[in-house]
Amino acid sequence: MTLTGAISDSELFRKVKKGKELPHPTANAFDSLLWMSAYAALENPNPRDKELLTAALYFGREIGRLRENIEKFLVEPFTRESGTRLLCAVANQQFLVLEQKGRSANRRQARSGAPGHSEVVGQTLIRSTGGQNLTADDHVTQIVDTLPHWLHHLWSMPSDRSVSPPKDPFGNAMAGLTLASVERALRDLWHTVLWEGRTLTRQDGTLLLSPRDRKLPEQWLKWHLREYSLVTWETTMHTAAMMVAGKKSIPVTPVLDRTVLAIRRLNGKKREFVIGRTNGKHSAQARHVNERDMLERVYTGLFLDDVLPKIEGASLTCRDLCRAWWIISDLAGVMMEEVRGRKLDDPKVLDATAFTVTVQELELVLSTALSTTPDHARKLIELFTCDPENTTTLFKESVWFRPLLPAQRDRLHIVIAPLLVGSPIRRIEWWLEMGGISDQGKINGRGKPFERHVRTTLASALSGNPLIKQHLIHPHGLKRVGTSEEIDLLIRIGRTIIVGEVKCFLAPVEPNDHYNYLNALDEAAGQAHKKLTWTKSNLPAVLKTLGVSDTSASDWNILPVVVLNQGTGFGLDIDGIAVTDLHFLELLLGNSEYQGATRFEFGRMVGSPVRLYGSQQELERNMGAILKDPPPLRRYEGQIGWNKEPFPSSDDRPFVIEMPRLVGTPIDQTELNALMESLPQASHLGVQQCA
């Protein structure tokens with residue numbers, strides 16, 4: 001059984017996925033009679049077929065009813081220009097509200113005296129106007145992912161359409177944002193049924209959307225939490241350093257020589273962006289440094305300085321795009337300070353919160369700050385500008401990678417959320433794909449460079465480990481010759497041989513990404529199993545390759561693994577194949593222990609080591625078990641709970657969604673108690689070592 005076997009076991013699923021014989025309930029072409037006829041025609045319908053039919057009929061009805069009102073709120077009151085300005089203003093205002101709510105929640109937690117934890121802080125729940133308890137990241141994602149739906153409806157109108165402005169633009173905008181948000185959410189909920197196997201059931205008059213099996217959703221959350229701790233490590237350590245030093249801020253060496261520092265008003269009216277030299281003292285400059293350091297530390301660092309071949313008219317790298325992105329985020333940041341705390345019921349404030357700039361202003365800012373030509377700056381602006389005319393890219397990219405929305409008279413509106421809290425890794429991955437460094441095209445891909453990086457990284461880790469005396473990594477892997485197998489990673493440690501299949505995957509985000517990703521893991525595990533079989537059958541040749549003179553011995557332990565560039569799938573055991581990531585494998589081969597829960601406070605840092613092994617022989621005995629049950633995931637055991645979040649329905653009948661949540665502090669209780677007792681009077685931040 002594959003990881004997606006229970007999901008794929010449905011004829012209706014295959015009709016939607018492959019033949020596209022059945023339109024999604026999110027499509028304009030959806031026909032409930034067509035779905036019912038397709039179900040009736042099945043010879044042996046199974047429970048999964050019925051679940052899909054039930055969900056398709058429900059979501060098709062809800063989306064149809066919703067769209068009956070969309071014209072009234074999202075289209076009729078606006079032109080393209082006024083609607084785009086308003087949706088951008090409301091999105092920015094909602095981001096500012098969320099930012100304030102997040103700070104308030106963190107202050108309440110600090111006053112409680114309970115230990116703070118980086119992952120717990122990131123999972124703090126904020127209640128929405130609809131009654132849902134979501135993390136700040138979930139709220140922001142909901143806002144940004146909603147914008148393409150509203151833009152799509154606005155761009156369905158003629159560009160020269162003229163209407164009288166609404167009497168209550170803010171009220172119209174909030175109603176429109178709510179409708180677009182529900183439309184997006186219904187689409188996402190349907191996709192969780194289709195691609196993740198969730199089910200719709202009635203319980204005591206309440207409609208419940210829940211997983212068939214809670215184990216996999218909990219695992220997705222654990223992977224997300226660990227990945228969050230890894231990618232925010234630099235930020236966490238910067239905060240911890242301030243706590244230890246007893247300072248509100250610690251200067252950094254800026255990544256930008258010059259950026260936007262302030263807004264100057266000439267004669268109290270005309271705006272001018274002040275561009276000056278950075279001093280490393282501003283929090284935004286620290287954020288840029290932490291982001292740069294993280295991107296260089298993880299696998300994306302391999303590609304930051306590669307020229308993107310598909311970007312015509314400029315020789316650009318991802319590092320170039322990062323620098324431009326940070327400058328635009330600084331510009332938006334100073335605009336944000338002008339409207340922070342002000343209400344949108346004032347039309348002037350509403351316009352200001354849309355963060356409108358002219359292309360000429362932005363061109364001047366980028367060319368001056370980057371010391372480049374206006375043409376080069378304009379190319380950067382073009383890459384970051386959303387195109388609502390192109391429906392495919394609009395919904396594929398959302399606004400996360402193109403946060404500049406077009407307006408009339410050569411102006412742009414800036415959506416601030418993607419600039420300040422969007423995933424830097426996802427941005428790099430998108431830029432690489434867009435710029436022509438993609439394994440899909442089999443040219444200038446990421447796979448081979450990552451394989452080389454894995455081998456050199458692990459060789460360095462083993463060389464620095466005093467406990468491991470006998471080791472060798474084949475520097476080039478094994479190429480396929482005749483009927484032999486191509487082996488990406490071949491390591492000898494004592495009498496253990498690690499046979500590795502190395503994969504550089506894009507991290508999954510959407511439900512269909514989850515489905516495809518699990519299939520890709522299944523395929524990678526199958527490839528690793530083939531390499532295991534071939535290695536066993538050709539052990540003397542493999543041993544000779546690894547520098548073993550006596551190739552007749554039979555007591556060799558062969559350990560097959562899949563090594564990933566990031567942690568989604570980390571710790572899985574797929575038919576005996578361990579799935580791990582480079583980060584943990586480097587830690588395991590380079591160190592016998594790592595720093596676990598760590599307590600930071602003024603003048604002190606107290607940590608708790610996590611032991612992995614005490615000798616080479618112990619590592620050889622236990623390596624497979626460690627990879628299949630890695631200690632960094634054990635901290636979540638017993639800390640994942642389930643919430644029921646309400647969702648609106650067209651007939652006002654109760655509808656709730658079951659969601660996994662972090663409900664406790666992800667530190668082993670023994671470690672936590674020891675840390676609490678060591679310095680009982682101090683408030684502190686508990687963090688997990690980057691593992």
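Note that the structure is a prediction, hence the values are computed from the model and not measured.
For the residue pair Pro148 and Leu394, the shortest heavy atom distance occurs at O-CD2, 3.6 Å. Residue Asn92 comes nearest to Ile416 through the heavy atom pair OD1-N, 2.9 Å, listed as atom of the first residue, atom of the second, then distance.
The list of side chain to side chain donor-acceptor pair (under 3.5 Å) pairs with a residue in residues 399-413, not counting sequence neighbours, reads Glu81-Arg411, Asp145-Trp400, Thr356-His413, Gln360-Asp410, Glu397-Arg402.
The aromatic rings of His514 and Trp220 lie parallel to each other, with less than 30° between the two planes, well short of the 60° mark. By the 30° and 60° cut-offs, the orientation of the rings of Trp430 relative to Phe401 is parallel. Phe384 and Trp325 have perpendicular rings, their planes meeting at more than 60° on a 0 to 90° scale where under 30° would count as parallel. Using the six-membered ring where Trp is involved, Tyr228 and His224 have ring planes that are tilted, between 30° and 60° apart.
Using a 4.0 Å cut-off between charged side-chain N and carboxylate O, Glu389 and Arg80 make a salt bridge. Using a cutoff of 4.0 Å between basic side-chain nitrogens and carboxylate oxygens, Glu338 and Arg265 are scored as salt-bridged. By the 4.0 Å N-to-carboxylate-O rule, Asp375 lies too far from Lys379 to be salt-bridged with it. The existence of a salt bridge linking Glu433 and Lys396 is excluded, since no basic side-chain nitrogen approaches an acidic carboxylate oxygen closer than 4.0 Å.
Contact of the Gln142 side chain with the Arg184 side chain is not registered, since no non-hydrogen atoms from C-beta on lie closer than 4.5 Å. Inter-residue side-chain proximity for Gln566 and Val298 is flagged as unmet; no heavy-atom pair is nearer than 4.5 Å. Here the side chains of Leu331 and Ile414 are in contact, with some heavy-atom distance below 4.5 Å. Put simply, the side chain of Leu308 reaches to within 4.5 Å of the side chain of Leu321, judged on heavy atoms.
Here the rule is salt bridge (charged side-chain N to carboxylate O under 4.0 Å, His left out) with Glu234, and of Arg297, Arg292, Arg287 only Arg297 fits it.
Not counting sequence neighbours, Trp155 has no partner by the ring-ring contact (aromatic ring centres under 6.0 Å, His included) test.
Between the CH2 atom of Trp431 and the CD1 atom of Ile437 there is a distance of 13.0 Å, given to the nearest 0.5 Å.
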